[in-house]
Amino acid sequence: MRASLIQIAVNEEESVDSRRQRVAELVRRQAGSDLVVLPELWTTGAFAYEEFGREAEPLEGPTYEAMAKAASDAGVWLHAGSVPERDPDGPLYNTSLVFSPSGELAAAYRKIHRFGFDKGEAVLMGAGRDLVTVRLPGTTLGVATCYDLRFPELFRSLVDVGAETLVIPAGWPERRRAHWTLLAQARAVENQAFVLACGTAGTHAGVPQAGHSIVVDPWGEVLAEAGPDEEVLTVDFDPAKVAVTREQFPALKDRVLGLEPPRR
Ligand SMILES: O=C(O)CCC(=O)C(=O)O
């Protein structure tokens with residue numbers, strides 16, 4: 001299976017419209033890959049809080065339209081990263097869109113863990129509640145977004161519903177790049193799954209982005225890692241390695257659930 005992670009540079013000098021067109025063209029150029037992955041909130045930037053409301057789109061908005069077409073033009077599965085979604089009956093959501101090679105929406109995932117503590121996304125957006133997996137020929141994707149990476153129980157739940165390849169679009173800041181790399185490897189090792197983690201490059205809202213998108217195999221080996229700038233990271237991997245790893249080193253079978261609290 002060939003995956004291409006497009007680590008988009010999100011800078012304020014470029015308008016959202018031109019970035020959308022540029023990214024659609026970049027997706028089209030990945031014809032021949034099976035799966036293309038984009039980062040989190042690449043239209044606005046994950047830290048451009050004032051832009052969320054201004055650039056929010058209905059689910060089937062301009063980014064949806066452009067990415068559905070790009071996926072079908074290229075004939076690829078496209079995890080189109082996330083957009084600020086305006087729910088007509090509710091708040092904004094940080095919503096990821098996954099398209100099939102014919103341009104049909106295969107899944108939408110509303111980010112569960114919102115970043116910012118008492119500001120930013122955590123107060124501006126609503127929280128998703130639903131686990132999302134997508135069946136592709138050869139593997140099942142489990143989807144999560146950026147800050148979700150810090151919550152291992154989410155990934156365990158995805159594994160419990162069949163995830164074998166964990167896809168994580170992000171807008172991770174340079175300041176915590178070490179956490180990004182470490183957590184991507186940890187999620188791969190503990191879940192015996194592939195991790196495809198696609199971040200942004202550039203600087204927006206004064207926050208330099210980490211770049212360094214990364215692909216990790218179920219044994220924790222880094223198959224490919226991007227540099228700090230805009231880049232397409234292409235990697236070939238064998239999804240069957242998940243089953244082989246889980247069979248040869250069956251640690252997931254040794255889970256002990258429902259432990260008792262300490263006795264007083
Ligand atoms: O957890 C982090 O350090 C970064 C998270 C983040 O930037 C986000 O979820 O947008």
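Ligands are counted one by one from 1 in listed order, and the atoms in each one are counted from 1 as well. Every heavy atom of this structure was used, including side-chain atoms; hydrogens, water molecules and symmetry mates were not.
In summary, the side chains of Glu55 and Thr44 do not present any donor paired with an acceptor at a separation below 3.5 Å, with no hydrogens or angles considered.
Comment: Arg177 engages Glu174 in a salt bridge, judged by a side-chain N to carboxylate O separation of less than 4.0 angstrom. A salt bridge does not link Arg22 to Glu25: none of the charged side-chain nitrogens sits closer than 4.0 Å to a carboxylate oxygen.
Less than 6.0 angstrom separates the ring centroid of Phe151 from the ring centroid of Tyr147.
Ring geometry for Phe194 against Phe237 counts as tilted: the plane angle lies between 30° and 60°, on a 0 to 90° scale.
Think of Phe249 as one node in a network of Ile, Leu, Val, Met, Phe, Trp and Tyr side chains linked at under 4.5 Å; its network also takes in Trp219.
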Dump all N/O pairs between ligand 1 and the protein below 3.5 Å as a table: atom names plus distance, one pair per row.
| residue | atom | partner | partner atom | Å |
| --- | --- | --- | --- | --- |
| ligand 1 | 1 (O) | Arg150 | NE | 2.6 |
| ligand 1 | 1 (O) | Arg150 | NH2 | 3.4 |
| ligand 1 | 3 (O) | Arg150 | NH2 | 2.7 |
| ligand 1 | 3 (O) | Arg176 | NE | 2.5 |
| ligand 1 | 3 (O) | Arg176 | NH2 | 3.3 |
| ligand 1 | 9 (O) | Lys111 | NZ | 2.7 |
| ligand 1 | 9 (O) | Tyr147 | N | 3.0 |
| ligand 1 | 10 (O) | Glu40 | OE1 | 3.3 |

